[in-house]
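The structure presented is a predicted model; accordingly, all values stated were derived computationally and were not measured. Lettering of chains follows the sequences in order, A, B, ..., and the numbering in each one begins at 1. Below, each value reflects all heavy atoms present in this structure, side chains not excepted, and no hydrogens, waters or symmetry copies.
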There are 2 protein chains.
Amino acid sequence: MASMADVARRANVAVSTVSYALNGTRPVAKATAERIRKAMDELGYRPNALARGLASKRSRNVALIFPMLERGLGLTEMEFVSAAAETAGDLGYHLVLWSTPLGDTDLLTKLTRQGLVDGVVIMEVHLEDARIEMLRRNGVPFCMIGRTGDNRDDPFADIDFESTVRDAVAHLAGLGHRSVGFVNHSQRSFDTGYGPSVRAARAFEEAAAAAGLHGFSRFCDDSPAAGREIWRDITAAEPGVTGLIVMNERASAGVLAAILQQGGRVPEDYSVLSVASSARVSEMTYPPLTTYHPPAAELGRLGVQVLIDRLEGREVPLVQQLIPCRLVLRDSTGPAARPHGAGS
Amino acid sequence: MASMADVARRANVAVSTVSYALNGTRPVAKATAERIRKAMDELGYRPNALARGLASKRSRNVALIFPMLERGLGLTEMEFVSAAAETAGDLGYHLVLWSTPLGDTDLLTKLTRQGLVDGVVIMEVHLEDARIEMLRRNGVPFCMIGRTGDNRDDPFADIDFESTVRDAVAHLAGLGHRSVGFVNHSQRSFDTGYGPSVRAARAFEEAAAAAGLHGFSRFCDDSPAAGREIWRDITAAEPGVTGLIVMNERASAGVLAAILQQGGRVPEDYSVLSVASSARVSEMTYPPLTTYHPPAAELGRLGVQVLIDRLEGREVPLVQQLIPCRLVLRDSTGPAARPHGAGS
DNA sequence: CTTTCGACTCGAAGCGTTTCGACTAACCGC
DNA sequence: GCGGTTAGTCGAAACGCTTCGAGTCGAAAG
């Protein structure tokens, strides 16, 4: 592999001059620059990333910390990762993937101390997140996807669950639904302070109250089976229900199946509105789900963009961006049926 | 950040001795080793990955080349990426993500020449793949997920589409189906030599013939809408059909929906058998799809494992592994209806 | 008691960059 | 025609590690 010394020799200049020409660090005469450029592509020269990083103390690598979740990663996360990788590439950076158990701060500490990356994008942030504490303490530049409860001046990009849930409630209320349920993630995710669970739950209570309708919430494990079960539970406890907001991609299919199985029709008898589930999945259920789609790609792009801006020392204002989900109408919502006439 | 020199000073030894102790490159006295160890964790020392890589000419990074596809990445790919990242981590490596347009050999060349990674795992390999040519030519160690048409002595791990499709045909034949269709990916994917499309298509023809049943194939774009359309096409052209093998995750939901919409029942009137689609999605359709699940995590793990084995110079036999999909029974297949009695 | 060998250690020379200080020629304003 | 810039270039010193050659010492071998 050709090195900078080879290029310098061939172009008849000092190594440092090659470096200047390459990075524009200092002015280089037009003719010299041309000679160097020529030498470079005759040799097929590419600067060595490791050496460059070592000497400059900037690796031009960023890490994406992405958790090994028991519930597994979904398509939203995939979109997110794709966008992050692509954006990093566009900005001349490399994206390295750190798959770490959610609580493992030690592992993360070890990883960050290796000096392989200049900063990290961290996802699945919890309201209280030891990893964020650690990053702050160790002075590791980072950008969150999601946010803690106490984010003061750390940059983040997150889904605006508050406004999304508000919109969702308004949407159903607008269709005449007066008794609306909210199907959340698991109790456990709520208890451990998973941001979306907590914020959405709160937002739902408020929005339902504000809209003057009867609202109730359920936790639900992330599986179709749990979704089926929760529907049975709901119809038993809330016979007047006509609308459901489901923020649980995997459960949503179960809910739909359970309704159909009980002889209910969607959307004639019940409206099911999905929140933050991916397009690829929403269009595959029966009927296809009307959904507030998460801005996964935007978040991914934004996350690495913001991080890199900081790394490059650009004097950027603190970015703390909330992006609402975008409504895509499909076939699972419609005008409310007469309150008690529903379900066979 | 503490450096090796700091550790050496504190432990009262030469820098090289610290290195030997750290890597076991040469013997170090027990007492010395202990002193060094102590110094290390008093300082919270972690070796600098860049310096280490530069000096040793082995970065301990591997790249995952993953394509920006127009059809987007699915859950299978996500599982795959997760497994790869996790495995790399377990083996003390970092996984960097290179998101590249499928045909962009130049970009790939640039990336590999930077010396950031020791080798690459490459996915979505086509039967004729310029990227593989390039890797061979440039002597970049690699492992394919998928395989070219001419793989001689390059390592790969791939889904065994031949045997999977054979099994699928046998499964339906065993249920009494005599007229079975195969829904492939798009014509385009076939024409551009996308391995799964080509191999599965061939395998289906053979297996259908061998089983003595009436088999026919269709290409289908990757979308529910295309799936609906293909079903209309099929019922028009093949009125006797009772079984369908669908190797197209996104289309499968459309097929199901179209059947239901025409008043057909699954599996009473028609059996739909999905091939190589993810569990997360298969369980969300209506009815849930009986599926041959792709061994995504195994492939991901295997890919980086094999690559790293080679990098470490272990004298491993050439790994060219084919893993069949595993059948998971759900609700979309059953005994064949009377040939012509189906469909309302 | 020498020789030999292995365990153990050290210093120095890289690895391929960036960056710093210094030096030379113009060139500018006066 | 003299200080002061500025464009353009060079050599050398890092950066934090690995690796090589060489040296010391004690124990086993002859």
Side-chain angles (χ1 to χ4, degrees), chain A residues 1-37 39-40 43-61 92 94 112-118 311-313, chain B residues 1-37 39-40 43-61 92 94 112-118 311-313:
Chain A
M1 204 84 317
S3 81
M4 212 152 143
D6 299 325
V7 175
R9 209 169 304 122
R10 188 172 248 263
N12 235 318
V13 292
V15 178
S16 48
T17 306
V18 178
S19 174
Y20 297 142
L22 195 60
N23 308 312
T25 324
R26 285 190 190 181
V28 167
K30 207 117 202 294
T32 316
E34 180 52 29
R35 250 175 25 245
I36 292 176
R37 202 199 49 66
M40 280 184 177
L43 293 172
Y45 169 79
R46 287 276 122 194
N48 179 299
L50 264 36
R52 190 212 272 263
L54 179 58
S56 66
K57 301 177 161 319
R58 304 220 7 251
S59 67
R60 291 169 168 284
N61 296 151
H94 293 281
T112 51
R113 292 219 172 168
Q114 292 187 128
L116 209 228
V117 305
D118 296 334
L311 292 178
E312 314 245 293
Chain B
M1 203 83 315
S3 82
M4 211 151 145
D6 300 325
V7 175
R9 208 170 304 122
R10 188 170 248 263
N12 236 317
V13 292
V15 178
S16 48
T17 304
V18 177
S19 173
Y20 297 142
L22 195 59
N23 308 311
T25 324
R26 286 191 189 179
V28 167
K30 207 118 204 293
T32 316
E34 180 51 29
R35 251 177 23 246
I36 293 175
R37 204 199 47 66
M40 280 183 176
L43 294 171
Y45 170 79
R46 284 278 121 193
N48 179 299
L50 264 36
R52 188 213 272 261
L54 179 58
S56 66
K57 300 178 161 321
R58 304 220 8 252
S59 66
R60 292 168 169 283
N61 296 151
H94 293 281
T112 52
R113 292 219 172 167
Q114 291 187 128
L116 208 230
V117 305
D118 297 333
L311 291 178
E312 315 246 293

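Phosphate proximity of C:dT9 to B:Thr32: present, with a side-chain N or O under 4.0 Å from OP1 or OP2. The shortest distance between the side-chain N/O atoms of B:Asn23 and the OP1/OP2 oxygens of D:dT18 is below 4.0 Å. Between A:Arg52 and C:dG16, a side-chain N or O to OP1/OP2 separation shorter than 4.0 Å is absent. Under 4.0 angstrom from either OP1 or OP2 of D:dT18 there lies at least one side-chain N or O belonging to B:Ser19. The shortest distance between the side-chain N/O atoms of B:Lys57 and the OP1/OP2 oxygens of C:dG16 is below 4.0 Å.
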Side chain to side chain contact (heavy atoms under 4.5 Å, CB included) for A:Arg46 and A:Met1? Distances and angles first, verdict last.
CA-CA 9 Å; A:Arg46 287 276 122 194; A:Met1 204 84 317; over 6 Å; no
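One can place CG of B:Leu50 at 10 Å from C1' of D:dG16, the figure rounded to the nearest angstrom. If you measure from atom CD1 of B:Ile36 to atom P of D:dC17, you get 13 Å, rounded to the nearest angstrom. A straight line from CE of B:Met4 to C1' of C:dC10 spans 13 Å, rounded to a whole angstrom. Regarding A:Leu54, its CG atom lies at a distance of 13 Å from the C1' atom of C:dT19, rounded to whole Å. Separating the OH atom of A:Tyr20 from the P atom of D:dA12 is a distance of 14 Å, rounded to the nearest angstrom. Atom P of nucleotide C:dT18 and atom CZ of A:Arg60 are separated by 9 Å, given to the nearest angstrom. Between the CG atom of A:Leu22 and the C1' atom of D:dT9 there is a distance of 17 Å, given to the nearest Å. For the pair B:Met1 CE and D:dC17 P, the computed distance is 11 Å after rounding to whole Å.
Backbone-only engagement by A:Val13 is indicated by non-hydrogen atom pairs under 4.0 Å involving sugar-phosphate atoms exclusively. Base contact: B:Ser16 has a heavy atom under 4.0 Å from a base atom.
Note: A:Arg35 CZ to A:Arg10 CZ = 12.5 Å, rounded to the nearest 0.5 Å. With rounding to the nearest 0.5 Å, the separation of CG in B:Leu43 from CZ in B:Arg9 is 9.5 Å. Rounding to the nearest 0.5 angstrom, the gap separating the NE2 atom in B:His94 from the CG atom in B:Leu116 is 10.5 Å.
Across C:dC8, D:dT9, C:dC20, the shortest atom-to-atom separation from the side chain of A:Ala29 is found for D:dT9. Candidate nucleotides C:dC10, C:dT17, C:dT19 were compared by shortest atom distance to the side chain of A:Ser3, and C:dT17 ranks first.
Closest-nucleotide positions on DNA chain C for B:Ala55 and B:Thr17 were compared, and the one nearer the 5' end corresponds to B:Thr17.
Counting distance only, with no hydrogens placed and no angle test, the side-chain atoms of A:Arg26 and the base atoms of D:dT9 include a donor-acceptor pair under 3.5 Å.
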